[in-house]
S.K.: 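One structure coming up, written as structure tokens, with questions to follow.
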There are 2 protein chains.
Amino acid sequence: MARQRPARPMRADARRNYDKILSTARIVFTERGTDASLDEIARRAGVGPGTLYRHFPTREALVDALMQDWTDRVSADADAAIATDLPAREMLSDWFEHFIEHITLHRGAASKIAAAMDDPASPMYRKCQVMADANRRVIDHLEARGELRPSVDPVNVMRLVSGVATVADSSCTDLDVTPMLDVVVDGIVAD
Amino acid sequence: MARQRPARPMRADARRNYDKILSTARIVFTERGTDASLDEIARRAGVGPGTLYRHFPTREALVDALMQDWTDRVSADADAAIATDLPAREMLSDWFEHFIEHITLHRGAASKIAAAMDDPASPMYRKCQVMADANRRVIDHLEARGELRPSVDPVNVMRLVSGVATVADSSCTDLDVTPMLDVVVDGIVAD
DNA sequence: ACCTGAACACCGTTCAAGT
DNA sequence: ACCTGAACACCGTTCAAGT
């Protein structure tokens, strides 16, 4: 496995700008979604556009940096769901809803995550894998308990739930995901 | 119900430009997806940007105009699926796959359709309803045959399948939708 | 009634000049 | 090593002038 390189410490002003950009991006993405103007982020962060570009060469790189917090929480949510030892239906519903809640935190994020999941070239790929692993743990656990249909593929479950998130996210109405998730859950658990 | 207004005939040059823009859009959308530059479409159609804008005030209006063909075909596909009288699983799989094939004809279209489905303000709303009706016919038919789980909502099925289409469409790899559809089908048909 | 194309505002991206 | 901000290319949108 490739090791994480030890990330040479940044110069003080660089570090300050980096953090300022990130916190500003969080605000602007919350206001306008992940397709908000990068120019506006730079302006409100008080840096030149070139500075933003130096730290985050692509929009995805910026989204990726913001995702750091979630992946940890998503991972924790999966383990918490497993720990409850609830029946399969309840466990899956809880897990799926938590997952969707996280990846729809900023408008437009869900579709970017769904796309990055199958794109190793994406800056977000690694974090998608962390989330996919979290999902796999839940599925594997229920699989071991014999409560799932044969040949349920965790990766496809992940894609399907991401699809639900994307639909809910891009809908202008505040869509309730529960009915859609119920169908997915019914399609996964054994009769 | 609101009547279709009888659409006064266009001036000859307007008609010609309208058609030329549409056929060019079809080509450009095929090449670059539904987020392609409108400027390029106007240029290649040999009209000024203002002309494109006059006929199609928004990108969605242009996509909507291109969708005309599909909605008919999608509707026909639904009735054809019903006519086969296959078992529920096969009928649903066939119908879903045909539906997805159509709405992913141009990259980016699936997500626009999924979004328009719950947005009466969208120019594409009516055509989405035609497709939703087609889906409802299939579901209702199987419902009447007693082969579905109780309380399967056609609208949610539609959203779910659109979600699958969106995921497949935005994935850079040529994703096979069958495994995801299998889960959905299992979640719909009675045990 | 419809078209043209210049004009404008906005945005992502690059890069030479600075510290 | 990092930042700045001007410059560029591109795009959607508008509108005055033309037929």
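Side chains included, hydrogens not; waters and symmetry mates left out as well; all remaining heavy atoms used. Residue numbering restarts at 1 for every chain, and letters A, B, ... go by the order of the sequence lines.
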S.K.: Can you check whether B/Ala36's main-chain N or O pairs, donor with acceptor, with B/Arg59's side chain at less than 3.5 Å?
M.R.: yes
S.K.: Restricting to non-hydrogen atoms, name the atom on B/Val189 and the atom on B/Arg149 that form the minimum distance, rounded to 0.1 Å.
M.R.: O-NE, 3.3 Å
S.K.: Separation of B/Phe56 atom CZ from D/dG12 atom P, in whole Å?
M.R.: 15 Å
S.K.: Report yes if at least one side-chain N or O of B/Arg11 is closer than 4.0 Å to OP1 or OP2 of C/dC2; otherwise report no.
M.R.: no
S.K.: Counting only non-hydrogen atoms, which of residues 15-39 of chain B are less than 4.0 Å from DNA chain C?
M.R.: B/Asn17
S.K.: Calculate the interatomic distance between A/Glu60 atom CD and C/dG12 atom P; express it in whole Å.
M.R.: 14 Å
S.K.: Around atom CG of B/Asp191, are there more than 12 heavy atoms of other residues, nucleotides or ligands at under 6.0 Å?
M.R.: yes
S.K.: Checking contacts here: which listed nucleotide (C/dA6, C/dG12, D/dG12) is nearest the side-chain heavy atoms of A/Arg59?
M.R.: C/dG12
S.K.: Checking the side chain of B/His141 only, and the main-chain atoms of B/Arg137 only, is there a donor and an acceptor separated by less than 3.5 Å?
M.R.: no
S.K.: Got a sec: does the CZ of B/Arg32 have more than 12 other heavy atoms crowding it under 6.0 Å?
M.R.: no
S.K.: Can you work out whether A/Glu40 or B/Ala14 has the more 5'-proximal nearest nucleotide on DNA chain C?
M.R.: B/Ala14
S.K.: OP1, OP2 of D/dC2 versus side-chain N and O of A/His55: anything below 4.0 Å?
M.R.: no
S.K.: Given atom CZ of A/Arg44 and atom P of C/dC11, what is their separation to the nearest angstrom?
M.R.: 12 Å
S.K.: Using whole Å, report how far CD1 of A/Ile41 lies from P of C/dT13.
M.R.: 12 Å
S.K.: Anything below 3.5 Å on both distances counts as a pair; with that, list the stems of at least three consecutive Watson-Crick or G-U pairs involving DNA chain D.
M.R.: C:4-8 with D:12-16, C:12-16 with D:4-8
S.K.: When the ring planes of B/Tyr18 and B/His55 are compared, do they come out parallel, tilted or perpendicular, using 30° and 60° as the limits?
M.R.: perpendicular
S.K.: Keeping B/Asn135 on the side-chain end and B/Pro154 on the backbone end, is there a donor-acceptor pair under 3.5 Å?
M.R.: yes
S.K.: Can you tell me how far C1' of C/dA9 sits from CZ of A/Arg43, to the nearest Å?
M.R.: 12 Å
S.K.: If the cut-off is 4.0 Å, is A/Tyr53 near the phosphate of C/dG12, judged by side-chain N/O to OP1 or OP2?
M.R.: no
S.K.: Restricting to non-hydrogen atoms, name the atom on B/Asp118 and the atom on A/Cys172 that form the minimum distance, rounded to 0.1 Å.
M.R.: O-SG, 3.7 Å
S.K.: For B/Leu142, does its backbone N or O pair with a side-chain atom of B/Glu147 as donor and acceptor, under 3.5 Å?
M.R.: no
S.K.: Would you kindly compare B/Thr58 and A/Val47 by the position of their nearest DNA chain D nucleotide and give the one closer to the 5′ end?
M.R.: A/Val47
S.K.: Please determine, for the side chain of A/Arg54, which listed nucleotide (D/dC3, D/dG12, C/dG5) has the closest atom?
M.R.: D/dC3
S.K.: Rounded to whole angstrom units, what separation is found between the CG atom of A/Asp13 and the C1' atom of D/dA1?
M.R.: 8 Å
